[in-house]
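One structure below.
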Amino acid sequence: MPEGNDVSVKEIYKEQYAHFRAMNDILYKIPPLFSVAIGGLWYFAASQLKTDRLIAVAIFLFAAVVSIASVFIMGRFSQAFSLYITNLNKLDGDYAVSIKNKDKKWPPSTVKIIQFLLWVAAAISCAGVIYALAPLFCPPAPPVLPAQPS
């Protein structure tokens, strides 16, 4: 740090706590945003199934890409969030309040649950691609009419 720009630990604590609060607020706003974005893509894709199946395929593929990209976005978010929690716990010392426990695997963190649901959304989007493509390569057989008695 350059000379003359000393920052106290108290100022660092306040700044990091402010960032932590903002990130915590964002964390609980993210799932509805993902739901709206991916759900809207699914609705649009489903509405295209009767008119243009190739457009539906493209939209379902895009929904899968959005879901997978969101998993990685949440991973980066989780890393930053964990660093703030670690620093704040150090600064809080004996007064630290945290449920963070690296040794416990269950129950999973909020971020891990969101990531799991995004993987499920990606799988459903891929199933939508298959559902939309199937009639293009395997058209349904024409119905067989019962024989008319003569």
Side-chain angles (χ1 to χ4, degrees), residues 11-150:
E11 290 174 25
I12 292 170
Y13 177 80
K14 285 181 180 180
E15 191 66 28
Q16 286 196 359
Y17 203 87
H19 289 177
F20 172 77
R21 268 195 313 271
M23 288 180 73
N24 195 48
D25 187 48
I26 290 168
L27 176 62
Y28 291 98
K29 290 179 181 174
I30 288 175
L33 292 174
F34 288 152
S35 298
V36 167
I38 296 167
L41 289 169
W42 286 348
Y43 179 79
F44 183 50
S47 69
Q48 294 299 309
L49 282 172
K50 289 188 180 186
T51 56
D52 192 343
R53 286 192 171 267
L54 288 179
I55 297 241
V57 167
I59 296 166
F60 277 127
L61 275 174
F62 184 66
V65 168
V66 167
S67 299
I68 293 167
S70 299
V71 168
F72 295 114
I73 291 168
M74 288 305 301
R76 296 276 298 178
F77 186 91
S78 178
Q79 287 175 336
F81 204 65
S82 289
L83 290 171
Y84 278 116
I85 291 172
T86 300
N87 282 351
L88 291 171
N89 284 343
K90 284 179 193 173
L91 293 170
D92 284 336
D94 292 338
Y95 298 103
V97 178
S98 179
I99 58 171
K100 182 180 175 185
N101 188 348
K102 291 183 179 182
D103 299 333
K104 282 180 67 178
K105 296 292 182 193
W106 194 261
S109 70
T110 303
V111 172
K112 295 292 180 206
I113 292 169
I114 294 169
Q115 286 177 310
F116 171 75
L117 292 173
L118 288 166
W119 281 118
V120 171
I124 292 170
S125 298
C126 291
V129 169
I130 294 166
Y131 180 79
L133 278 176
L136 294 175
F137 294 106
C138 306
V144 179
L145 298 173
Q148 297 291 328
S150 41

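Every value quoted in this text rests on a predicted model; they were computed, and no experiment measured them. Along the sequence shown, residues are numbered consecutively beginning with 1.
Side-chain atoms of F60 and I130, non-hydrogen and from C-beta on, never get closer than 4.5 Å to each other. At least one side-chain heavy atom of L27 sits under 4.5 Å from a side-chain heavy atom of M74.
With rounding to the nearest 0.5 Å, the separation of CG in L91 from NZ in K14 is 13.0 Å. Rounding to the nearest 0.5 Å gives a distance of 6.5 Å between CE of M23 and OH of Y84. For the atom pair L88 CG and I12 CD1, the distance stands at 11.5 Å (nearest 0.5 Å). To the nearest 0.5 Å, atoms CD (Q48) and CD1 (I55) are separated by 6.0 Å. Atom-to-atom distance recorded for S47:OG and D52:CG is 11.0 Å, nearest 0.5 angstrom. Between I26 atom CD1 and L33 atom CG the span is 10.0 Å, to the nearest 0.5 Å.
Side-chain contact check for S125 and W42: at least one donor-acceptor pair (N or O, by modelled atom type) lies under 3.5 Å.
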Margin query: L117 vs F34, test: side chain to side chain contact (heavy atoms under 4.5 Å, CB included). Steps then yes/no.
Written below: CA-CA 10 Å; L117 292 173; F34 288 152; over 6 Å; no
**Prompt:** Does the pair V111 and F81 meet the rule for a side chain to side chain contact (heavy atoms under 4.5 Å, CB included), with working shown?
**Reply:** CA-CA 10 Å; V111 172; F81 204 65; 5.6 Å; no
Might you work through the side chain to side chain contact (heavy atoms under 4.5 Å, CB included) test for K112 and Q115, ending with a clear yes or no? CA-CA 5 Å; K112 295 292 180 206; Q115 286 177 310; 3.5 Å; yes
Quick one: do I68 and W119 satisfy side chain to side chain contact (heavy atoms under 4.5 Å, CB included)? Show the steps, please.
-> CA-CA 7 Å; I68 293 167; W119 281 118; 3.8 Å; yes
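Taking each heavy atom of R53 and Y131 in turn, the nearest pair found is NH1-O, 3.4 Å. Here the closest non-hydrogen pair linking A56 and A132 is CB-CB, 4.3 Å. When every heavy atom of L41 is checked against every heavy atom of I59, the shortest pair comes out as O-CG2, 3.1 Å.
With hydrogens and angles ignored, the 3.5 Å screen pairs no side-chain donor or acceptor of S78 with any backbone N or O of G75.
By the neighbour-count criterion of 12 heavy atoms within 6.0 Å, atom CZ of F62 is sparsely surrounded, having that number or fewer from other residues, nucleotides or ligands.
Using bins of under 30°, 30° to 60° and over 60° for the plane-to-plane angle, the ring pair F20/Y17 lands in the tilted bin.
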